[in-house]
Protein chains: 2
Amino acid sequence: MTSAPSDAAGRESPWSIAQVADSFGVTHRTVRHYEDLGLIAPERRGTQRLYHRRDRTRLGLILRGKRLGFPLEEIRTIIDLFDAPRGRRTQLEYVLGQVEQRRHDLEQRLRDVQDTIEELGEFEQRCRADLARAALSSTSTGVNA
Amino acid sequence: MTSAPSDAAGRESPWSIAQVADSFGVTHRTVRHYEDLGLIAPERRGTQRLYHRRDRTRLGLILRGKRLGFPLEEIRTIIDLFDAPRGRRTQLEYVLGQVEQRRHDLEQRLRDVQDTIEELGEFEQRCRADLARAALSSTSTGVNA
DNA sequence: CTTTACCTTTACGTAAACGTCAAGTACGCG
DNA sequence: CGCGTACTTGACGTTTACGTAAAGGTAAAG
């Protein structure tokens with residue numbers, strides 16, 4: 001059930017680009033594109049890329065951000081925010097400000113999704129009603145499966 | 001408080017492209033682009049476009065779909081679904097199938113948004129904790145505004 | 001009748017997010 | 001050592017979603 005192979009000491013061995021790409025259902029080109037834009041920075045053993053869990057976590061965040069309709073550049077600023085140093089107070093206050101913005105954005109999206117699901121439900125009801133009527137008029141059985 | 005001007009008989013007068021564009025916060029180019037892709041089809045008085053409430057409703061759906069990260073082509077199939085004839089039973093069953101797909105998609109997005117908001121909240125807590133500690137170490141006031 | 005403010009089509013430009021070769025490199029294996 | 005497989009770096013192509021400029025039509029105002 002472990003998704004990543006690990007050695008006897010429990011240290012996870014890194015993944016290749018093909019492995020991460022496959023596991024996330026994207027192409028290696030996509031993964032490298034995200035690296036070009038600075039969204040991930042896998043370790044290098046010589047010329048090969050090594051993806052650790054941290055990288056895979058970030059990739060997950062990226063793809064989720066994409067599903068939510070955020071542009072990659074914005075996604076970069078967000079996940080950079082998450083592991084920023086945030087040492088000094090000014091920095092912390094800036095980060096908190098950004099967080100507020102993101103929250104507003106996400107709450108708008110939440111409303112959008114909820115509204116759409118609701119409307120979809122109403123529409124489905126109408127369809128089912130129509131379907132029931134159609135069944136009644138096309139067959140004379142009236143009530144059945 | 002009425003958003004659209006109407007005559008004495010209560011019939012709403014149609015809007016110009018500039019009016020709809022402004023009211024939705026997009027450019028006229030955007031509105032015409034959606035028309036090019038077949039997402040809206042305003043009435044024509046001669047060469048001028050006249051936007052009725054139906055068009056504005058659709059535009060609202062389009063923009064919401066965009067906020068949710070759906071591509072315009074997919075949005076078109078969705079809103080076409082909404083005012084499709086759906087007369088025959090085969091058609092109705094097809095429509096219901098499509099609705100199911102949309103619902104799955106939207107529920108995924110709902111989870112995405114909720115998870116992100118939650119993680120954002122946790123992150124914010126950590127930041128606030130850090131901020132409190134920073135305040136303690138930089139000032140000797142301890143507890144204040 | 002000209003100006004002005006909108007509106008129209010046509011068409012090329014562009015930024016984002018990759019896809020798709022091409023050509024070379026590195027590694028395990030027989 | 002050669003072979004195949006996977007990885008690498010360019011670099012150009014493509015799709016989506018418009019931006020933007022050119023060139024002109026139209027309708028009320030002065």
Side-chain angles (χ1 to χ4, degrees), chain A residues 4-5 13-52 55-56 58-80 105 109 112, chain B residues 4-5 13-52 55-56 58-80 105 109 112:
Chain A
S13 55
W15 293 19
S16 77
I17 191 170
Q19 287 174 320
V20 279
D22 286 1
S23 75
F24 279 98
V26 298
T27 70
H28 71 288
R29 180 65 179 86
T30 299
V31 176
R32 278 188 39 232
H33 182 58
Y34 296 159
E35 184 178 346
D36 288 345
L37 296 186
L39 281 89
I40 40 181
E43 189 198 340
R44 292 294 185 114
R45 173 119 55 223
T47 163
Q48 307 273 105
R49 291 169 173 85
L50 299 180
Y51 295 87
H52 297 275
D55 301 306
R56 283 173 268 139
R58 289 179 76 106
L59 189 49
L61 289 175
I62 295 167
L63 295 176
R64 193 177 65 186
K66 273 205 49 183
R67 285 196 301 273
L68 297 182
F70 290 101
L72 291 179
E73 274 300 322
E74 202 165 340
I75 294 176
R76 186 167 62 85
T77 72
I78 299 176
I79 62 183
D80 280 357
D105 228 34
R109 273 177 175 70
D112 285 338
Chain B
S13 55
W15 293 20
S16 77
I17 190 169
Q19 287 172 321
V20 280
D22 286 0
S23 77
F24 278 98
V26 298
T27 70
H28 72 286
R29 180 63 180 87
T30 299
V31 176
R32 280 190 35 236
H33 182 57
Y34 297 160
E35 183 178 347
D36 288 344
L37 296 187
L39 281 91
I40 41 182
E43 189 199 338
R44 293 291 186 117
R45 173 117 56 223
T47 164
Q48 309 270 104
R49 292 168 172 85
L50 298 180
Y51 294 86
H52 297 275
D55 302 306
R56 284 174 267 138
R58 288 179 76 105
L59 189 49
L61 290 175
I62 295 167
L63 295 176
R64 194 176 66 187
K66 272 204 50 182
R67 283 198 300 275
L68 297 181
F70 289 102
L72 291 178
E73 273 301 323
E74 202 166 339
I75 294 175
R76 186 168 62 85
T77 71
I78 299 176
I79 62 184
D80 280 357
D105 227 32
R109 272 175 177 70
D112 284 338

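As the structure is a computational prediction, the values presented were derived from the model and not from experiment. Sequence lines set the chain letters: A, B, ... in the order given, protein chains first and strands last, and positions in each chain run from 1.
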In whole angstrom, give the distance that lies between atom [atom1] of [X] and atom [atom2] of [N].
{"X": "A:Y34", "N": "C:dA17", "atom1": "OH", "atom2": "P", "answer": "8 Å"}
{"X": "A:W15", "N": "D:dA6", "atom1": "CH2", "atom2": "P", "answer": "17 Å"}
{"X": "B:H28", "N": "C:dA5", "atom1": "NE2", "atom2": "P", "answer": "16 Å"}
{"X": "A:Q48", "N": "D:dT5", "atom1": "CD", "atom2": "P", "answer": "16 Å"}
{"X": "B:K66", "N": "D:dA17", "atom1": "NZ", "atom2": "P", "answer": "7 Å"}
{"X": "A:L68", "N": "C:dA17", "atom1": "CG", "atom2": "P", "answer": "14 Å"}
{"X": "B:L50", "N": "C:dT8", "atom1": "CG", "atom2": "P", "answer": "9 Å"}
{"X": "A:Y51", "N": "D:dC7", "atom1": "OH", "atom2": "P", "answer": "10 Å"}

Would you classify A:R32 as touching base, sugar-phosphate or nothing, given that sugar-phosphate means primed atoms plus P, OP1 and OP2, and contacts are heavy atoms under 4.0 Å?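 Here A:R32 touches the bases of the nucleic acid.
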Give one of base, sugar-phosphate or nothing for A:R44, where a contact means two heavy atoms less than 4.0 Å apart.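 If one applies the 4.0 Å heavy-atom cut-off, A:R44 turns out to touch the sugar-phosphate alone, with no base involved.
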Can you tell if the side chain of A:P42 reaches within under 4.5 Å of the side chain of A:Y51, non-hydrogen atoms only? yes
Which listed nucleotide ([options]) is nearest to the side chain of [X]?
{"X": "A:L72", "options": "C:dA17, D:dA17, C:dC7", "result": "C:dA17"}
{"X": "B:I17", "options": "C:dC18, D:dC18, C:dT8", "result": "C:dT8"}
{"X": "A:H33", "options": "C:dC18, D:dC7, C:dG19", "result": "C:dC18"}
{"X": "B:T30", "options": "D:dC7, D:dC18, C:dG19", "result": "D:dC18"}
{"X": "A:R49", "options": "D:dT8, C:dG19, D:dG19", "result": "D:dT8"}

Quiz item: A:R29 side-chain donor-acceptor pair to C:dT20 base, under 3.5 Å: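 For A:R29, whose side chain was compared with the base of C:dT20, there is a donor-acceptor pair (under 3.5 Å).
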Whichever of B:T47 and A:F70 has its nearest DNA chain C nucleotide further upstream toward 5': B:T47
Interatomic distance, A:L37 atom CG to A:L72 atom CG [nearest 0.5 angstrom]: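 Those atoms lie 6.0 Å apart.
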Within the structure, does a side-chain N or O atom of A:S16 lie under 4.0 Å from either OP1 or OP2 of D:dC7?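 Yes, such a contact exists.
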Given C:dA17, is OP1 or OP2 found less than 4.0 Å from the side-chain N or O atoms of A:R76? no
Taking the basic N atoms (NZ, or NE/NH1/NH2) and the acidic carboxylate oxygens, is any pair closer than 4.0 Å for B:D105 and A:R67? no
Ignoring hydrogens and angles, tell me if any N or O in the side chain of A:D55 forms a donor-acceptor pair with the backbone of A:H52 under 3.5 Å. yes
Starting at the 5' end of DNA chain D and moving along, which residue's nearest nucleotide shows up first, A:E35 or B:T27?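 Result: A:E35.
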A:R109 charged N/C atom sitting above A:F70 aromatic ring, 6.0 Å / 45°: yes
